[in-house]
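Worksheet for the structure shown next.
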Amino acid sequence: GAGGSIATPGSASSGFSGLANTTYTLRWTVANPPCASSTDDVLVTFVGAPTTANAGPDQVLCATSTTLAANAPAVGTGLWSIVSGAGGSIGTPGSASSGFSGTPGVLYVLRWTISNPPCAASTDDVQIYFTPATTVSNAGPNQTICGTSAFLAGNAPSNGTGTWSIIAGSGGNVTNPANENSQFTGNANTTYTLRWTIANSPCPTSIDDVVITLTGAP
């Protein structure tokens, strides 16, 4: 074994130092001339501390699977485990870049552990969230109203948040843009196009338009 040093060669309990990740064979010789010497060997292995674990950045995805991004250990071996979150599956637990799949709407905490016994293991956690797909927008049926106001009939989103906007027509006003059944007011004898947008980042938004015609009294 290279690089080793015996502090006090004549002491049975001498200190000994060497290089990490190296195995040394040391010989203890007891001499008493003219008698034959007596020898015995011992193996000393210095194990290096494991590479500091880095589980990679947290991920929020519009998907049901992803590739993990931990660091590959220079010293020791890595292993993924699921700390919390039901229904998740790690494709290759010993791979830093393993695939991982899970259930939309569940927040997962995964742990990357690098071990090199008898040294203490190093761990790091990462959060993975699979965002459920955005609810498909439905702005409701077109309306022709005798008057200057109407109640909108968009669908309530299960996944995401909805917002009304006026695409065409001047002088209109949505009382509560975040309410799918908001009141809408405008000018008589005017046709408006309103858009119901459901957003659920990072998933794509969903949009649908409705035409509201406000007819003046004869």
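Side chains included, hydrogens not; waters and symmetry mates left out as well; all remaining heavy atoms used.
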Donor-acceptor check, side chain of T22 to backbone of A20, threshold 3.5 angstrom: yes or no? yes
Nearest heavy-atom pair of A121 and S115: which atoms, and what distance? CB-OG, 3.8 Å
Could you tell me which residues satisfy side chain to side chain donor-acceptor pair (under 3.5 Å) with D209, sequence neighbours excluded, listed by chain and number? R195
Side chain of N159, backbone of T135: donor and acceptor closer than 3.5 Å? no
Members other than V174 in its cluster, when Ile, Leu, Val, Met, Phe, Trp, Tyr link by side-chain heavy atoms under 4.5 Å? I145, L152, W164, I166, F184, Y192, L194, W196, I198, V210, I212, L214
Hey, is the main chain of V211 close enough, under 3.5 Å, to the side chain of T193 for a donor-acceptor pair? no
Answer whether the closest heavy-atom distance between the side chains of P118 and V47 falls below 4.5 Å. yes
From CA spacing to verdict: side chain to side chain contact (heavy atoms under 4.5 Å, CB included), I128, L110: CA-CA 8 Å; I128 307 290; L110 278 67; 4.3 Å; yes
Output the distance between atom CG (L79) and atom OG1 (T123), rounded to the nearest 0.5 Å. 12.0 Å
Shortest non-hydrogen contact from I6 toward F16: CG1-CD1, 3.7 Å
Counting N and O atoms only, with roles assigned by atom type, does the side chain of D124 sit under 3.5 Å from a partner on the main chain of A55, one being a donor and the other an acceptor? yes
So, the side chain of W112 versus the backbone of N71: is there a donor-acceptor pair under 3.5 Å, distance only? yes
What closest approach, in Å, do C146 and A217 show between heavy atoms, and which atom pair accounts for it? SG-CA, 4.3 Å
Could you give the side-chain donor-acceptor pairs of residues 93-107 under 3.5 Å, partners two or more places apart or in another chain?
{"residue": "S95", "atom": "OG", "partner": "S97", "partner atom": "N", "Å": "3.3"}
{"residue": "S98", "atom": "OG", "partner": "G91", "partner atom": "N", "Å": "3.4"}
{"residue": "S98", "atom": "OG", "partner": "T92", "partner atom": "N", "Å": "2.8"}
{"residue": "S98", "atom": "OG", "partner": "T92", "partner atom": "O", "Å": "3.2"}

If you measure from OG1 on T163 to CG on N179, what distance do you get to the nearest 0.5 Å? 11.0 Å
Tell me whether F46 is reachable from V75 by hopping between hydrophobic residues (I, L, V, M, F, W, Y) whose side-chain heavy atoms are closer than 4.5 Å. no
Nearest heavy-atom neighbours spanning A133 and C203: CA-SG, 4.2 Å
Keeping the roles fixed (side chain from D208, backbone from T197), state whether a donor-acceptor pair exists under 3.5 Å. no
Could you check if a side-chain atom of P73 sits within less than 4.5 angstrom of a side-chain atom of P50, using non-hydrogen atoms only? no
Below 4.5 Å, heavy atoms only, C-beta onward: do T215 and T144 meet side chain to side chain? yes
Heavy-atom nearest pair, V60 first then P202, reads O-CG, 3.6 Å
Least distance between heavy atoms, V109 atom then Q127 atom: CG2-CG, 4.2 Å
Looking at CZ of F151 and CD of Q143, how far apart are the two atoms once the value is rounded to the nearest 0.5 Å? 10.5 Å
Using modelled atom types only, decide if a donor and an acceptor are shared between the side chain of N189 and the backbone of G216 within a distance under 3.5 Å. yes
Side-chain donor or acceptor of S122 paired with backbone N/O of A53 under 3.5 Å: yes
T131 OG1 to L61 CG distance, which is reported to the nearest 0.5 Å: 7.0 Å
Looking only at atom types and distance, does a side-chain atom of S206 sit under 3.5 Å from a main-chain N or O of T134, one as donor and one as acceptor? no
Sub-3.5 Å donor-acceptor pair from the side chain of S182 to the main-chain atoms of N176, do we have one? yes
Y129 and I90: same hydrophobic cluster, using ILVMFWY side-chain contacts below 4.5 Å? no
Would T23 and T45 satisfy side chain to side chain donor-acceptor pair (under 3.5 Å), going step by step from the backbone distance to the final call? CA-CA 4 Å; T23 297; T45 301; 3.0 Å; yes
To the nearest 0.5 Å, tell me how far D125 CG sits from R111 CZ. 4.0 Å
